[in-house]
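Data first, discussion second: the structure below is written as structure tokens.
This is a predicted model, so every value here is computed, not measured. Chain letters run A, B, ... following the sequence lines, proteins first, then strands; residues in each count from 1.
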Amino acid sequence: MRIVVDFDLCESNAVCMGIAPEIFEVRDDDFLYVLDENPPESMRAKMEESVQRCPKQAISIAED
Amino acid sequence: MNSTTVIVGASLAGINAARTLRLQGHTGSIIVVDADSERPYDRPPLSKQMLTGEWEPEKILLPAGKEDLDLEFRLGVRAKAVDLGARQITLEGADGTVANTAFDSLVIASGASARRLPDSAGIAGVHVVRTLADSLALRAELEAGPSRVVVIGAGFIGAEVASSCRKRGIEVTLVEAMPLPLERILGAEMGRVCAQVHIENGVDLRLGTGVLQLETETVDGVEKVVGVALTDGTTVAAEIVVVGIGVTLNVDWLEGSGFTLDDGVVCDNTLLAAPGVVAAGDIARYPSARFGRMLRVEHWETAIAGGEAAARRLLAEASGETPVVFDPIPWFWSDQYDRKIQLAGRPMPTDTCVVVHGSTDEFRFVALYGDGDRLTGVLGMNRPRHVVQLRALFEEGASFSEACERAATL
Ligand SMILES: Cc1cc2nc3c(=O)[nH]c(=O)nc-3n(C[C@H](O)[C@H](O)[C@H](O)COP(=O)(O)OP(=O)(O)OC[C@H]3O[C@@H](n4cnc5c(N)ncnc54)[C@H](O)[C@@H]3O)c2cc1C
Ligand code: SF4
């Protein structure tokens, strides 16, 4: 599983960071950083929640 | 679960209930009914990117509405009545045909409609923003380049419409009956900051002023708005008036059918409104142990969470599992000009409010709300990271003073 963020859509509202701070981090520069683009399978539920809860539909999961 | 579920409302709460039911093992038919004939779409952009013209309708389709979930959509169809005993719902098609449909379980997700000014029906140039059609109609008139728009109501939607008009370079008068915008939600101190944001962005803000009447002219048989007479004795000339004075809940179809209707459909703490019937989203009122009172939350995220929770409630009922209590931490955002306002929690306007980070002069800060030593809210302006991190303190059960200490370390 690979996490893909469309940074043209992302507005750094940090919703994903609230769900999975291990993976998503909005820093003081107000940009989102993906800390681990290939999260372990154990994080799948949280990644799917992040996809659903991103108000900008900016996150997707690629299977490769 | 292999039975028939009817969902009324194909918006955020309804579509997420449908999705959760299907993904969690509902194998029977799921009928999703909506009076709106559009494919399920998202509402927050209606007052933001859709009005400024940055986005097109295609972009606001809800992802769950596009997934292949084997749902039976009945769009353009309105629920008229429900008979709980006979377990059937009366549906009216766009062509006026009325038919009954049987259900085993029912999801009430019919949300809310925009409140309108009395006696404003049929007057050209007067708008509300709740549906895609509303947003497109207003946008078309904004594109014609009006000299001024009057926005009535400085709540979140009114503020966002004002912001979108300013982004287009249109002059805006924003009229608010209360002494300060958003005072009933954020309290006076933060209401003042929100007022200042409008003023800095060139809005003619009229506070503590009501609307006396719309001024109209009839040209070629069409009655059109030309201005708004205010209770302070002034009249503002405008070609367009946008009314953002709150919502009325879509409960008409539930009246007389045995539900408790009291500013929403009253549910228990698992969103159950009657055996086999759940409610979610803007329409659901539920007891919150976290905030010690009944809540009805008109937030995007709560509609998603509520839709999912309502679906799980039905599945638990079918399988005999213990249902999960619904009591999330409300979280809301609003985009106004270049400011992003976020609120986690549910403060009362009279709660203590302390700025714990940044400064209100720079419109970049975090404020905490407390009732005694109980943390009730986290408000941020252009500080999303802090709001999200401090929101977690509700889960941890942190007190107001602990939250203030923690905020100092961020
Ligand atoms: C312009 C706008 C901007 C917003 N911006 C934000 C924001 O920035 N942040 C935020 O957190 N929230 C925002 N919100 C709030 C958020 O969109 C709502 O909380 C959410 O849409 C609620 O979803 P819902 O499914 O409960 O109800 P609704 O979205 O109201 O959907 C109810 C659906 O039921 C249908 N319906 C009603 N009655 C019937 C009937 N009798 N028969 C059949 N169908 C029926 C309606 O057609 C509608 O599609 C905004 C809302 C609007 C309108
Ligand atoms: S939730 Fe979406 S918009 Fe918000 S920071 Fe994460 S990716 Fe960006």
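No more than 12 heavy-atom neighbours from other residues, nucleotides or ligands sit within 6.0 angstrom of CZ on B:Arg406. Under a cut-off of 6.0 angstrom, the local environment of CZ in A:Phe31 is sparse, with at most 12 non-hydrogen atoms contributed by other residues, nucleotides or ligands.
Of all heavy-atom pairs between A:Gln57 and B:Leu61, the closest is NE2-O, 3.4 Å. The two residues A:Ser12 and B:Pro384 come nearest to each other via the heavy atoms O-CG, 3.1 Å. Smallest separation of non-hydrogen atoms from A:Asp30 and B:Asn382: OD2-O, 4.2 Å. Taking both residues in full, the closest heavy atoms of B:Val388 and A:Val15 are given as CG2-N, 4.2 Å, listed atom of the first, atom of the second, then distance.
To the nearest 0.5 angstrom, A:Lys56 atom NZ is 4.0 Å from B:Gln49 atom CD. Separation of atoms CD (A:Gln52) and CZ (B:Arg19) is listed at 3.5 Å; rounding is to 0.5 Å.
Heavy atoms closer than 4.5 Å to chain B are found in both the backbone and the side chain of A:Glu11. Heavy atoms of A:Pro21 lying under 4.5 Å from chain B are absent altogether. Looking at B:Asp42, the atoms closer than 4.5 Å to chain A (heavy atoms on both sides) all sit in the side chain, from C-beta outward. Within the 4.5 angstrom heavy-atom criterion, atoms from both the backbone and the side chain of B:Pro63 approach chain A. If you measure heavy-atom distances from A:Leu9 to chain B, the contacts under 4.5 Å come from the side chain alone. Of the atoms belonging to A:Cys16, not a single heavy atom falls under 4.5 Å from chain B.
A salt bridge links B:Arg385 to A:Asp28: at least one charged side-chain nitrogen sits closer than 4.0 Å to a carboxylate oxygen.
Of all residues spanning residues 306-316 of chain B, those with a heavy atom less than 4.5 Å away from chain A's heavy atoms are B:Glu308, arranged by number. Within residues 331-346 of chain B, the residues having any heavy atom under 4.5 Å from a heavy atom of chain A are, by residue number, B:Trp331, B:Trp333, B:Asp335, B:Lys340, B:Gln342.
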